[in-house]
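A short write-up of the structure that comes next.
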Amino acid sequence: MITAALTSTTARSFGPPAEPISTSHSSNSNSNSAQTSHLRIVPHLDTSRSLVFGVIERDLNDGTVLKIGRFTDKSLIPTRITFKSKVVSRGHAEIWTKNGKFYIRDTKSSSGTFLNHVRLSPPNQESRPFALSDGDVVQLGVDYQGGTEEIYRCVKMRLELNRPPQQRTAFSILDSSMNKEEEGFHVEECCICLYALAPCQSLFVAPCSHTFHYKCARPLLVNHPGFLCPLCRNYADLDASVAVEADEVRGRKKKQQGITQ
């Protein structure tokens, strides 16, 4: 099994509690047990070989422990998060909450748990609890044989803690795809999957201004940088220069408005 050199934990103070944290429910903490915290785990893509996995979201009550480890057929339970990587131990780490704060510890993994590039404990030794902050990067294990095969890549994840729902002005992005009618809004559909173009989705806007779900348009990009719109059949060079000044865009818009009037 792979091991990695222990990195000094003095490089950063994570502010762990001075006393051991109990992960069990207490009979006199009814108010805390009702508190729910939200955890969202997304891949941390810092290299072209980073392991990509589906977004993981969990709502945790105080005292609930999420066990993190390698995927097995018996691991499909809500309180267990697994990854298909052989450098991840079956019981690799744990994440839990106490009083609305998140904590992590390594549970005697052989290849290590790293918090913001700092290893939590030596191989096969359980670490003390470390406090987590929103945006922290956690790495499970280290790449084996350079990580050329996906199964031997370490898992790098970014933690999003108690973030509010996305409140971007997403509808403004779709103004060109939504036309106001007498009885409300007509929502445009992706001509590939025939589902609606909705806020907070990843969209692909072709140079001809036709819009698709990026997931649907991706197979059409096999001939990149060439792109043939499936609607108007217009060809576009996706590597064409985008060096256009704002004043030039304003001039084109005014010219277009003058023609239409």
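Quick note: numbers below take in every heavy atom, side chains included, and nothing from hydrogens, waters or symmetry partners. Bear in mind that the values here come from a model prediction, so they are computed numbers and not experimental data.
Aromatic ring pairs are classed by plane angle as parallel below 30°, tilted from 30° to 60° and perpendicular above 60°; the pair Y144 and Y152 is perpendicular.
Closest non-hydrogen pair, H224 versus L238, comes out as CD2-CD1, 4.0 Å. Between I68 and L140 the shortest heavy-atom distance is CG2-CD1, 3.6 Å. For S241 against A243, the heavy-atom pair with the smallest separation is OG-N, 3.2 Å. Taking all atoms of both residues into account, the shortest heavy-atom contact from L120 to S127 is O-CB, 3.5 Å. The nearest pair of heavy atoms linking D239 to P225 is OD2-CB, 3.4 Å. Shortest non-hydrogen contact noted between V87 and S111 is O-OG, 2.5 Å.
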query: Which is it for T113 and D106 under the side chain to side chain donor-acceptor pair (under 3.5 Å) test, yes or no, and what are the steps along the way?
result: CA-CA 6 Å; T113 301; D106 184 286; 2.6 Å; yes

task: Report the C-alpha distance between T82 and T72 in whole Å, list the side-chain angles of each, state the deciding distance to 0.1 Å, and finish with yes or no for side-chain contact (heavy atoms from CB on, under 4.5 Å).
output: CA-CA 8 Å; T82 59; T72 64; 5.8 Å; no

Test log, rule side-chain contact (heavy atoms from CB on, under 4.5 Å), inputs F53 and V155: CA-CA 9 Å; F53 55 87; V155 178; 4.0 Å; yes

message: Between H38 and D59, is the side chain to side chain donor-acceptor pair (under 3.5 Å) condition met? List the steps.
response: CA-CA 5 Å; H38 186 71; D59 289 313; 2.7 Å; yes

- request: Show your reasoning for whether side-chain contact (heavy atoms from CB on, under 4.5 Å) applies to L60 and L66.
  value: CA-CA 9 Å; L60 302 179; L66 286 179; 3.7 Å; yes

- request: Output, in order, the C-alpha distance, side-chain angles, deciding distance and verdict of side-chain contact (heavy atoms from CB on, under 4.5 Å) for K98 and Y103.
  value: CA-CA 8 Å; K98 185 175 179 63; Y103 298 91; 4.0 Å; yes

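Residues L161 and I56 share a single hydrophobic cluster, defined by chaining ILVMFWY side chains whose heavy atoms lie under 4.5 Å apart. Under the 4.5 Å side-chain heavy-atom criterion for ILVMFWY residues, no single connected hydrophobic cluster contains both V205 and Y235.
Note: L39 CG to T64 OG1 = 12.0 Å, rounded to the nearest 0.5 Å. We find the CZ-CD1 distance between F212 and I192 to be 5.5 Å, quoted to the nearest 0.5 Å. A distance of 7.0 Å separates CD of Q35 from CG of N99, quoted to the nearest 0.5 Å. In this structure, M157 CE and I41 CD1 are separated by 5.5 Å, a value rounded to the nearest 0.5 Å. Atom CD of E149 sits about 12.0 Å away from atom CG of D143, to the nearest 0.5 Å. One finds the CZ atom of R250 at 10.0 Å from the CD atom of E245 (value rounded to the nearest 0.5 Å).
The closest side-chain heavy-atom distance from L159 to L132 is below 4.5 Å. Side chains of F102 and D136 form no contact here, defined as non-hydrogen atoms less than 4.5 Å apart. The side-chain heavy atoms of P129 and W96, taken from C-beta on, include a pair separated by under 4.5 Å. Residues V65 and T79 are not in side-chain contact: their nearest non-hydrogen atoms beyond the backbone lie 4.5 Å or more apart. E94 has its side chain out of reach of I104: every pair of non-hydrogen atoms, C-beta onward, lies at least 4.5 Å apart. Taking 4.5 Å as the limit, every side-chain heavy atom of D134 sits out of range of all side-chain heavy atoms of N162. In this structure, E126 and R105 have side chains that are in contact, with non-hydrogen atoms separated by less than 4.5 Å. Side-chain contact between E150 and L51 is present, with heavy atoms from C-beta onward closer than 4.5 Å.
Looking at H92, its side chain does come within 3.5 Å of a backbone N or O of S89 through a donor-acceptor pair. Side-chain N or O atoms of T107 include one that pairs as donor or acceptor with a backbone N or O of G91 at under 3.5 Å. With hydrogens and angles disregarded, no donor-acceptor distance shorter than 3.5 Å links the side chain of R70 to the backbone of F83. When atom types are taken as modelled, the side chain of H210 and the backbone of P230 share no donor-acceptor pair closer than 3.5 angstrom. In terms of modelled atom types and a separation under 3.5 Å, the side chain of S109 and the main chain of G112 share a donor-acceptor contact. Not a single donor-acceptor pair under 3.5 Å links the side chain of Q125 to the backbone N or O of P122.
Under a cutoff of 6.0 Å and an axis angle of 45°, R218 and Y214 do not form a cation-pi pair.
The 12-atom threshold is not exceeded at OH of Y195, counting heavy atoms of other residues, nucleotides or ligands nearer than 6.0 Å.
Side-chain contact, N61 with T36: a donor N or O sits under 3.5 Å from an acceptor N or O.
Separation of the F227 and F204 ring centroids falls under the 6.0 Å cut-off.
Considering R158, K156, Q139 in turn, K156 is the only one that fulfils the side-chain hydrogen bond (donor to acceptor under 3.5 Å, both in side chains) rule with D46.
The pair E57-R40 meets the salt-bridge criterion, with a side-chain N (NZ, NE, NH1 or NH2) lying under 4.0 Å from an Asp/Glu carboxylate O.
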